[in-house]
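A quick write-up on the structure given underneath.
What's counted below: heavy atoms across the whole structure, side chains too, no hydrogens, waters or symmetry copies. Quick note on labels: first sequence line is chain A, next is B, and so on, each numbered from 1.
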Number of protein chains: 2
Amino acid sequence: MQENRTRILEAAARVYAQHGYRGATTRRIADEAGVNEITLFRHFGTKSALLDCVAHECGIVENVPPLPSDPVHPERELTAWVQARMDHLRSMRQLLLQAMSELQERPDMGPCVGHGPVDAANQLRDYVVRLRRRGLLDTRDGTGLRPLELNAAVAMLMNASFGDAISRPMMPEMFPSPQSKAAGAYVRVFLRAIGHRPADSDLTVVRGSEPTLVRGATRKGRHTPSKSITE
Amino acid sequence: MQENRTRILEAAARVYAQHGYRGATTRRIADEAGVNEITLFRHFGTKSALLDCVAHECGIVENVPPLPSDPVHPERELTAWVQARMDHLRSMRQLLLQAMSELQERPDMGPCVGHGPVDAANQLRDYVVRLRRRGLLDTRDGTGLRPLELNAAVAMLMNASFGDAISRPMMPEMFPSPQSKAAGAYVRVFLRAIGHRPADSDLTVVRGSEPTLVRGATRKGRHTPSKSITE
DNA sequence: CTTACATGCAAGTAACAACTTGCACACAAA
DNA sequence: TTTGTGTGCAAGTTGTTACTTGCATGTAAG
């Protein structure tokens with residue numbers, strides 16, 4: 001019967017997200033949980049122990065489906081992935097902000113911001129490498145991006161989704177609207193930046209009279225197929 | 001002789017940036033300022049009044065030089081601009097984090113995060129419009145970016161610089177290294193995404209055998225010269 | 001010199017936060 | 001029934017915070 005324990009943990013996460021460490025008083029947490037303040041101490045001993053538990057149990061959510069190991073339709077796949085990540089980030093917005101602002105003073109909440117973003121960036125980098133191996137990227141000399149720029153592009157897409165999820169509520173004018181189309185727009189900009197050349201099956205989607213990129217020299221860039229983009 | 005007043009204000013800004021509103025106790029601020037705690041009250045009355053002053057006087061810094069109204073060398077100009085913005089953001093990192101995390105609970109510090117980023121985004125948008133008017137962007141049908149994607153590209157560059165300045169210390173693996181080359185990399189990715197076609201004078205810089213983008217159809221996109229990219 | 005003002009120091013108040021202790025009640029397993 | 005466990009309630013302790021009052025000091029202008 002540790003129903004109360006989880007109630008307290010969830011309440012603590014909510015209160016912490018809204019008020020920060022110092023503002024998350026034991027009284028407020030107990031009230032939010034609908035539990036006596038003493039019960040809280042009997043379960044967790046101290047306030048910091050309680051918030052440590054919160055930090056360690058909030059990082060395990062991360063139910064964003066991974067990018068496919070076999071790229072078929074990059075725009076569709078990336079858009080779904082970015083959208084899922086943004087939804088997830090939005091749901092943790094306040095908690096992330098608090099954890100980030102207090103990370104220096106109180107590294108306990110570190111696991112909360114944790115490795116999620118870093119893992120996601122690595123995932124995206126690997127995906128781009130796969131795209132390149134499949135010849136889906138334009139890699140002509142003088143045109144193909146060098147590792148530095150590819151990493152920059154990855155960072156830009158990650159920061160776009162992160163910043164959109166975190167900052168849009170406080171400065172909506174800065175972000176593309178409507179919000180529902182932002183993820184797709186970020187992905188299209190990203191693909192264009194890394195020189196994505198749609199496969200033949202995708203060319204039917206193109207609306208204009210001319211294809212998006214110059215044809216020919218199609219499989220020329222294959223000379224460095226196994227090179228990672230980590231410099 | 002209001003030397004003490006400014007000393008208190010600066011100390012309050014530092015302490016607030018490090019500890020947040022609740023953690024910025026009057027005692028800590030007074031100690032940091034090397035001033036008796038009572039002096040603080042005699043000057044500002046209350047703690048919240050003091051921090052209000054901090055919020056209103058911290059927004060007036062913003063010494064980032066504007067983008068040139070007459071684009072000549074976009075990569076160079078944008079890189080300098082982005083670099084200056086990142087330096088500025090880095091210097092306000094902790095203060096921004098605190099203000100953002102507490103903005104819901106205590107909008108007093110709102111002026112601190114304020115309109116800086118929004119203004120910068122508008123500046124960048126205007127700059128892109130000028131680039132397009134000058135025919136420096138590839139605007140062929142099916143290739144040129146629609147307003148949604150242009151806004152997305154702008155948001156991505158803004159968020160890249162913001163996220164780099166704010167988040168790099170806590171997750172360095174996510175960002176292109178070395179840090180000193182990040183701004184330039186973001187700008188190159190951005191320019192590539194919005195279809196920047198270097199002017200003839202810039203073509204000498206291109207290292208490869210082929211020019212970056214297809215020539216011809218040079219001034220074709222001029223049919224909508226005055227259209228803003230705000231949809 | 002005197003007046004005014006800014007500051008420092010000592011002491012205290014009222015509120016609140018993190019806990020503790022002691023006792024009582026309910027309920028379930030032994 | 002007994003025993004243990006989880007919970008609630010009342011009250012109190014200890015420390016901190018925001019803020020006040022009263023008084024003494026230095027210093028610069030009149």
Collect all protein-nucleotide pairs involving nucleotides 13-20 of chain D in which both atoms are nitrogen or oxygen and the distance is under 3.5 Å.
residue: D/dA18; atom: OP1; partner: B/Lys47; partner atom: NZ; Å: 2.7
residue: D/dA18; atom: OP2; partner: B/Thr26; partner atom: N; Å: 3.1
residue: D/dA18; atom: OP2; partner: B/Thr26; partner atom: OG1; Å: 3.2
residue: D/dC19; atom: OP2; partner: B/Lys47; partner atom: N; Å: 3.0

Without decimals, in angstroms, what is the distance between [X] [atom1] and [N] [atom2]?
X: A/Leu50; N: C/dC19; atom1: CG; atom2: P; value: 10 Å
X: A/Asp31; N: D/dC9; atom1: CG; atom2: C1'; value: 14 Å
X: B/Arg7; N: C/dT7; atom1: CZ; atom2: P; value: 10 Å
X: A/Leu40; N: D/dG6; atom1: CG; atom2: C1'; value: 14 Å
X: A/Arg5; N: D/dT5; atom1: CZ; atom2: P; value: 17 Å

Is the phosphate of [N], meaning OP1 or OP2, less than 4.0 Å from a side-chain N or O of [X]?
X: B/His43; N: C/dA6; answer: no
X: A/Asn4; N: D/dG6; answer: no
X: B/Thr39; N: C/dG8; answer: yes
X: A/Asn36; N: D/dT7; answer: no

message: Can you tell me how far apart CG (B/Asp31) and OG1 (B/Thr25) are? Round to the nearest 0.5 Å.
response: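 B/Asp31 CG to B/Thr25 OG1: 8.0 Å, rounded to 0.5 Å.
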- request: Under the salt bridge (charged side-chain N to carboxylate O under 4.0 Å, His left out) rule, collect the residues that match up with B/Glu173, sequence neighbours excluded.
  value: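 Applying salt bridge (charged side-chain N to carboxylate O under 4.0 Å, His left out) to B/Glu173 gives none.
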message: So, using salt bridge (charged side-chain N to carboxylate O under 4.0 Å, His left out) as the criterion, who are the partners of B/Glu32 when residues are at least two apart?
response: B/Arg14
Looking at residues at least two apart in the chain, or sitting in another chain, which of them share a side-chain contact (heavy atoms from CB on, under 4.5 Å) with [X]?
X: A/Ala84; value: A/Val64, A/Pro65
X: A/Ala182; value: A/Asp164, A/Arg168, A/Pro176, A/Tyr186
X: B/Ala30; value: B/Glu37, B/Leu40

